[in-house]
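Just the heavy atoms: all of them, side chains too, but no hydrogens, waters or symmetry mates, feed the values below. Note that ligands are numbered from 1 as they come in the structure, with each ligand's atoms numbered from 1 the same way.
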Amino acid sequence: MDRFLVEGGKQLNGTVKISGSKNACLPILVASLLTDEPFILHRVPNLRDVRTTLKILTALGKKTQYENGTVTITADGELKNSLPYELVKQMRASFWVAGPLLARFKSAEIPLPGGCALGARPVDIHLKGFEKLGATCATERGNVILSAQELKPAKITLRFPSVGATQNLMMCASLIEGETVLENIAKEPEIEDVAEVLRKMGAELFTDEKGRLVIRGRNKLNGVEHAVVADRIETGSYILAAAATRGDVRVEDCVPEHNSILLEYMQEAGVPMEIGENYVHVKPYQAPLKPVRIKTAPYPGFATDLQAPWMALMILAQGASEVDEVIFENRFMHAPELVRMGADIVTEKSVARINGVKELSGAHVMASDLRGGFALLMAGLCAKGITEIERVYHIDRGYEDPEGKLNALGAKVTRYNPDKDDF
Ligand code: UD1
């Protein structure tokens, strides 16, 4: 398995270009199941989760081609309406095929994704929504079995604004003739990108005066050509990495307003920045970093996916700060690893209390999830000496060419595989 060796003490300087959003890409790729017509997607990042999604589409009977950031998906005979556990266990977002398959076949059999490193992560909100649309949901042999005589539009209020459930229901309702109304939905920018694709496919989607998403579905949807929105989590990660190393970095091809809360907190922490239409320029600074307390929340609140990289910034602030993680029950696996590098963090239930330290020292650490992995990379960049990060495959799930992008900014990150390479 690949590892990273990070030489610490290097300031990041230069320009980094942001890739297309992983979290928009995955449901959009899956939306290709709603039609037999060609689907062309641009700005698709080369990530492990994207490759897994393409495998899923192939397993379901689509033909996929990926070249220079463009994915072309075409029909290749009959589609299947079930998915093997092997593929679902690699990525929870595999469950997002349930909505399109249910809409196409009135039946689908998908393995329950189960828990993950971040906690239990049930899919009850997805299933409640499918039931409202006329499906029955049963669990047999570890699979969710969805079936319906007929699907019908409905008014659905989500008990929590789940990102995945919102996307799954939007996709399903777009292929059901009539008006479905979704209330208390997620409002992440990725949702709007999925909505845009569904509009291009022929469905009508808009937000009404009460903030509800109205979907006027059609019984047939067409193919699309679409460029994926910028990845706001990658954007935030590079902004935070630049600030942590006190570097001078222009983060380009992004949508700064998708990171508004992060940018406000960065300013509160004392990081100087210039914010343009499609870039954020992080400027170098001398003064000590001020501690800032954050609490994660659904968009437009502070993104849970930026919680770990934010913590990697705060461990070097002057004073005490707090991180309250309320979206996922178990999302502090990076904290003990950061402590091994000299950070002072105490976690209790959903809260991490951080006392800023003057410096970090390189250590042998292990990534246990995607964003926590990037936090370790950030800490490695700031630490004295060498940091060795194991289980880099977590980082590869969601960051396109992380060592290439960081090294172009002056970092020294080397990928190696102890089973193959001699070091
Ligand atoms: C998506 C993102 C992930 C991000 C998360 C929250 C993708 C591929 N992944 O994940 O990067 O961290 O949003 O912004 O887009 N929940 C339930 N029942 C459900 C569904 C969710 O209890 O049916 C709970 C989850 O366990 C979790 C919370 O709701 O505690 C948020 O989950 P959700 O918004 O659904 O996240 P995902 O769509 O899985």
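- Remark: among candidates Ala165, Gly164, Pro122, the nearest residue to atom 20 (C) of ligand 1 is Pro122, based on non-hydrogen atoms.
- Formation of a donor-acceptor pair under 3.5 Å by the Tyr66 side chain with backbone atoms of Val44 is found in this model.
- Judged by a 6.0 Å distance limit and a 45° cone about the ring axis, Arg371 is positioned over the six-membered ring of Tyr399.
- Not one N or O of Trp96 is nearer than 3.5 Å to an N or O of ligand 1, by distance alone.
- Here the rule is ring pair (Phe, Tyr, Trp, His ring centres under 6.0 Å) with Phe374, and of Trp310, Phe4, Tyr238 only Tyr238 fits it.
- Close approach of ligand 1 to His126 is summarised as follows: ligand atoms under 4.0 Å from at least one heavy atom of the residue are 23 (O).
- Some N or O of Asp305 is nearer than 3.5 Å to an N or O of ligand 1, by distance alone.
- For the pair Ile73/Leu41, no side-chain contact is recorded, criterion being any heavy-atom separation below 4.5 Å from C-beta on.
- In Glu190, neither the side chain nor the backbone holds a heavy atom less than 4.0 Å from any atom of ligand 1.
- The distance from ligand 1 to the heavy atoms of Thr304 drops below 4.0 Å at these ligand atoms: 6 (C), 12 (O), 14 (O).
- Which parts of ligand 1 touch Ile327 is read off a 4.0 Å heavy-atom cut-off, strictly below it: atoms 27 (C), 28 (C), 30 (O), 31 (C).
- Ligand 1 places these atoms under 4.0 Å from at least one heavy atom of Arg331: 12 (O).
- Distances between N or O atoms of Asp124 and those of ligand 1 include at least one value under 3.5 Å.
- Of the possible donor and acceptor atoms, one in the side chain of Arg218 sits under 3.5 Å from a partner among the backbone N and O of Gly202.
- When the heavy-atom distances from atom 29 (O) of ligand 1 to Phe160, Tyr299, Phe328 are ranked, the shortest goes to Phe160.
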For this session: I would like to know whether Lys290 and Glu268 meet salt bridge (charged side-chain N to carboxylate O under 4.0 Å, His left out); could you show each step before the answer?
Result: CA-CA 7 Å; Lys290 291 182 211 134; Glu268 220 178 290; over 6 Å; no
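- Between Arg159 and ligand 1, at least one pair of N/O atoms sits closer than 3.5 Å.
- Residue-to-ligand polar distances place Val163 within reach of ligand 1: an N/O pair is separated by less than 3.5 Å.
- Salt bridge annotation for Lys22-Asp305: absent, with no cationic side-chain nitrogen under 4.0 angstrom from a carboxylate oxygen.
- Ring orientation note: the planes of Phe95 and His126 are nearly perpendicular, at an angle over 60° on the 30°/60° scale.
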